[in-house]
Amino acid sequence: MLSLEMLVQEIDSVPPLPTTVTRALQVIEDRESSAKELAKVLAEDQSITATLLKYANSAYYGVSRTVSTVSEATVILGFTTIRSMLLTASVHKLVNREISGYALAQGELWKHSIQCAMVAKNLAKKCKFPQVEQAFVAGLIHDIGKVVLNNYVGAQYREIISTVEQEHIPFMEAEKQILGFNHAEVGARLALKWNLPEDLVDAIAHHHSPRGSERNSKLTALVHVADAICLMLGFGLGSDGLLYPLDEAVLDMVGLTVELIEEAMVEVQELPEFDI
Ligand SMILES: [Fe+2]
Ligand SMILES: [Fe+2]
C-alpha cells in the first residue's frame, strides 16, 4: 500500500506550475488587482505573451484592429479567460501523455479533460451557474491525480480490476482499497500544492462523490455530471469508467433536468484546435 510519505514524494515529482503562471493566478485571485498588474506579470514570459496575443487576435473576440501588446490583450480577454488559458496550457503539458495505469493511450486523458471542461462550462450556462469559467477549470483538472497515481495503479492493475469485478464496486473504490488513496484525493492534494482556490480543490476531491462536497457543491456536481457525460460518450473511457455511478440526486440540486443533459450531450462538439 502507498504510504502518505511515498505519496508526498510522488506529488513532489510532478512539475510545479511555471512561476509566471502561479504569480498570474495570484494576481487574478486578488480582487483588488488591476489589468495593468496582471499584464506586467504575463509580459515576463515570452510563450505566454505569444499565446495571449494569438487568442486576443482570434476572430472569436471580434477585434477589428491588431492587438499587439500584452496590456491590450489582457483587457480584451479579461481575467477569467486568461486564468483558463494559463491553466489549459499548463495542464496540457502534464496530461498529454500515456496514462497506462488507467488504460489511457497518449492524448486520451487530455481529450477527456478538455471535453469535460467544455461540457461543464456548457452545463453551467444551462443551469445559470454564475461562475462558468470556474466550471471549465474544474472540469479541466478533475482527473489530475491520475498523473500522480499512474505508476502505482499500473503496478497493481490486475488486483484493482479483479476487486472491481468480484466486489462490483466502482474503479475508484477499488483503487482506494488496494492503494490506500484514490485519484480524486490525490488530485486535490496536488491542487492544494499548486495553491489553487479551495472550491477547485473540493471539486477535484469529490468529483466521484459529489454529496461529500464541503464547499461549492454546485461546482462539484457540475464536474460530476460533465465527467459522466464524457464517459457515456466515450471520451476518455479508461478503466476509471468501470461501474461509474452517476449520482442522479445531484441533478436536482444543481438545477439540471434530463432534457438539459440530453441537450448538452448533443451539443458536445468536436475538439477544437488547442495548439498551445
Ligand atoms: Fe475521476
Ligand atoms: Fe474523469
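In each ligand, atom 1 is the first atom listed, and ligand 1 is the first ligand listed. Positions are given from 1 along the sequence.
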Indicate, with yes or no, if the rings of H142 and H208 have centres closer together than 6.0 Å. no
How about D30 and E37: do any of their side-chain heavy atoms sit closer than 4.5 Å? no
Got a sec: is H208 within less than 2.8 Å of the Fe ion (ligand 1) via an N/O/S atom? yes
N/O/S of H112 less than 2.8 Å from the Fe ion (ligand 2)? yes
Which atom of H142 is nearest the Fe ion (ligand 2), counting N, O or S only? It is NE2
What N/O/S atom of D227 gets nearest to the Fe ion (ligand 2)? OD1
Under the side-chain hydrogen bond (donor to acceptor under 3.5 Å, both in side chains) test, which residues partner D202, sequence neighbours left out? H206, S213, T220
Starting from the Fe ion (ligand 1), look over the N/O/S atoms of D143 and name the nearest one. OD1
side-chain hydrogen bond (donor to acceptor under 3.5 Å, both in side chains) filter on E29, not counting sequence neighbours, yields R83
So, H112 versus D143: side-chain donor-acceptor pair below 3.5 Å or not? yes
